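Take a look at the structure below.
Being a predicted model, the structure only gives us computed values, none of them experimental. Counting convention: from 1, in listed order, for ligands and their atoms alike.
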Amino acid sequence: MDVPPANDGLDPSRRKLLKGGAYATTLAAAYGWLSPGTGTAQTATPAPSPAPYLEPFLDPLPVSPVKSPTLLYPRPGRLPVPGEAGREPHQRYEEFLPQREYELVARAARHRYHLHLPEETVWGYDGLVPGPTFVTRIGQPVMVRVRNALPQEHVGFGSPEIITHLHSGHVGSAADGFTGSYYSPIKAGPNLRYPGAFYDHHYPQYPSNGDLRKVTNTLWYHDHREDYTGPNVYRGLAGFYLTFDALDSGSEHTGLRLPSGVGRYDIPLLLQDRKFDSGGNLVYEQFDPEGFLGNHFLVNGKVQPYFRVEGRKYRFRLLNGSMARWFEMVLADEGNRFHNFTFIGSDGNLLERPLTLQKILLSMAERADIIIDFSKYPPGTKLYLLNRLEQNDPRKPSGDRLNPGIRMLRFEVGPRTADNSVIPSFLRPLAPMPDPRDVGIRRKWDFERNNGQWSINGKFFDAERVDAAPGLQVPEIWRLETSGGWAHPVHVHLDDFRILSIDGKAPPPEWRGRKDTIPMLPGTRAEILVQFHDFTGKYVMHCHHHAHEDHAMMIRFDVVPKNT
Ligand code: C2O
Ligand code: CU
């Protein structure tokens with residue numbers, strides 16, 4: 001019997017419908033900014049892959065536990081404390097003294113990706129895949145101690161030396177998880193609760209420039225080890241970090257009154273693909289700088305789970321945590337008809353006004369904050385989060401759509417329940433940006449393939465080389481260009497940016513707010529407005545395709561005080 005390449009969650013008799021060219025539309029048609037003529041023909045054939053058949057919707061959706069605060073010992077400080085890996089002093093530490101302390105332990109654990117798959121050894125924060133969810137507040141500075149208890153001697157892919165980055169975090173350089181600042185597990189005496197060296201990350205919980213219009217709510221943390229981010233994240237080192245403030249209050253009775261209750265009606269969804277061999281073992285193709293695609297689809301660490309929902313509104317925080325896979329997510333019913341959802345924020349930033357959408361594109365590291373109202377559906381209804389984007393190789397999505405697509409998550413709607421949440425007509429005002437005509441500093445960044453690896457402006461990443469030194473608070477326009485046949489989601493640390501144009505056009509409404517990652521298809525030119533506030537020191541910009549990032553598509557920029 002033939003093994004189907006990947007399980008789309010459909011009845012096998014319907015699988016033939018999958019590549020219906022008549023239904024194919026291009027990304028260009030949808031987003032209007034892809035150069036015309038790309039991806040109109042359906043040519044590429046997926047390489048045959050011995051994926052095991054896995055029956056979908058057998059596992060319940062895992063919902064990560066909320067991380068509990070603790071009291072750290074030894075007490076953390078501005079300078080490294082005994083047992084801590086070397087680092088620079090934390091910036092503005094006394095101003096933002098930690099009010100909440102957490103300890104995360106990166107360690108090996110056993111995990112099953114699907115009911116019918118064998119247990120695998122994963123690396124997880126607190127041994128969980130995904131890691132626990134942080135629930136934090138603006139104005140309450142946080143210290144996260146990340147203890148490295150990974151196996152020093154390990155077999156297979158990945159590096160047990162780690163450094164954790166808070167993606168979209170507005171934090172000092174010493175807390176950012178600079179890719180070169182990784183540290184090893186060190187065996188300590190039996191008197192310590194967990195062995196291993198640690199690194200203290202100081203998160204001030206302070207919006208950029210003190211401007212509450214720049215609060216970012218959906219962040220995620222993941223390993224950022226130089227050259228090994230791909231395998232380490234693939235092994236499981238990633239989790240959500242949520243921030244609440246007076247508007248996005250975390251309550252259905254105050255502020256915007258969005259659907260609330262992390263893990264209950266406010267659910268983070270980590271979307272990833274993974275590759276399994278025919279024996280059901282996880283595969284990582286370590287030596288290919290192109291990266292690779294998975295042959296199964298995971299939500300929160302399980303292949304195609306189901307989630308029983310009440311008949312009320314839910315908030316879902318979608319995150320593409322894949323290495324090379326792009327998604328276009330839609331909400332569909334059993335008959336593959338698409339349903340509207342409400343899109344409230346991108347990359348963690350609430351838009352000014354919610355958008356009613358039927359699809360959302362997510363390149364790697366991008367987030368979509370959406371609301372689905374299940375009270376519209378009779379109990380017993382089944383709905384699916386479906387990925388419609390066809391992608392046949394790790395370079396880029398083909399530009400065509402799958403019909404209907406891969407059912408990644410099934411919602412099983414239950415009876416209606418009380419719901420005090422609302423979908424407000426206005427969310428968060430957008431801080432005005434400086435007039436681009438007044439911006440004097442411009443830089444250009446070319447993302448290119450180079451000798452089988454990946455370069456920016458012809459150079460490979462060097463943690464010791466400073467590629468740009470933007471001044472604190474000084475706005476700059478960065479022109480990004482991609483060439484060849486590869487897509488690159490470009491991510492900037494420290495401060496979110498604004499997209500001024502993509503191929504000469506205004507960005508689609510979903511991307512008109514603040515962003516930290518911009519999906520760049522092959523041959524794209526974009527202009528972004530960057531402006532760094534509050535903290536100085538070393539940061540990075542890079543492609544978030546982990547194989548590209550690990551094969552050197554990254555620059556270091558040092559934010560410097562304005563008048564030097
Ligand atoms: Cu999500 Cu520099 O990374
Ligand atoms: Cu890339």
Side-chain angles (χ1 to χ4, degrees), residues 125 130-131 162-171 173 175-182 201 216 218-230 232-234 237-241 270-272 288-293 319-326 347-348 362-367 391 393-397 445-450 452-457 460-461 463 480-497 515-524 526 538-557:
Y125 290 105
I162 57 166
I163 184 68
T164 303
H165 169 58
L166 179 60
H167 184 116
S168 216
H170 185 64
V171 307
S173 171
D176 188 54
F178 182 72
T179 185
S181 304
Y182 49 87
H201 298 262
T216 303
T218 310
L219 297 81
W220 62 300
Y221 60 97
H222 61 80
D223 181 56
H224 214 303
R225 200 305 194 179
E226 187 177 0
D227 301 340
Y228 289 90
T229 296
N232 283 0
V233 172
Y234 196 83
L237 293 171
F240 282 88
Y241 185 104
L270 175 58
L271 311 176
Q272 292 171 313
D288 193 346
E290 295 266 353
F292 62 97
L293 292 175
L319 159 63
N320 181 349
S322 304
M323 161 194 273
R325 170 80 63 178
W326 294 48
D347 291 0
L362 284 177
S363 70
M364 293 81 83
E366 283 192 290
R367 279 90 73 214
Q391 189 172 353
D393 64 48
R395 299 176 171 202
K396 59 174 194 317
W445 304 105
D446 288 323
F447 293 78
E448 289 164 333
R449 187 176 163 85
N450 194 334
Q453 298 205 83
W454 310 98
S455 66
I456 301 178
N457 288 356
F460 299 121
F461 178 66
L480 314 173
E481 284 197 25
T482 55
S483 56
W486 292 269
H488 306 288
V490 176
H491 169 51
V492 182
H493 285 213
L494 181 59
D495 253 294
D496 289 4
F497 51 79
K515 290 276 292 167
D516 65 42
T517 304
I518 173 170
M520 302 279 292
L521 287 162
T524 297
K538 55 188 178 189
Y539 296 91
V540 291
M541 168 179 73
H542 59 89
C543 175
H544 220 290
H545 182 311
H546 291 311
H548 296 181
E549 172 181 353
D550 285 343
H551 292 90
M553 191 172 256
M554 171 143 57
I555 61 136
R556 166 178 168 178
F557 67 87

Could you check whether any side-chain heavy atom of I456 comes within less than 4.5 Å of a side-chain heavy atom of F447, counting everything from C-beta outward?
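In contact.
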[X] side-chain N/O to [Y] backbone N/O, donor-acceptor pair under 3.5 Å:
X	Y	value
E290	D393	no
T482	T524	yes
Y125	A238	no

Quick one: are the ring centres of W220 and H222 less than 6.0 Å apart?
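Yes, close enough.
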Is the gap between the ring centers of H544 and H542 under 6.0 Å?
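Between H542 and H544, which both carry aromatic rings, the centre distance is below 6.0 Å.
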Picking from E448, H548, H545, E481, what satisfies side-chain hydrogen bond (donor to acceptor under 3.5 Å, both in side chains) with H488?
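In the set E448, H548, H545, E481, the residue that makes a side-chain hydrogen bond (donor to acceptor under 3.5 Å, both in side chains) with H488 is H548.
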What closest approach, in Å, do L362 and R367 show between heavy atoms, and which atom pair accounts for it?
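Closest approach of L362 to R367, heavy atoms only: CD2-C, 3.7 Å.
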Determine the minimum heavy-atom distance between T517 and E366, stating which atoms define it.
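Closest approach of T517 to E366: O-OE2, 3.8 Å.
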So, at under 2.8 Å, which protein N, O or S atoms would a careful student list around the Cu ion (ligand 2)?
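Short answer, with waters excluded from the count: H488 ND1, C543 SG, H548 ND1.
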Protein N, O or S atoms less than 2.8 Å from atom 2 (Cu) of ligand 1, ignoring waters?
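You should have found H224 NE2, H493 NE2, H542 NE2.
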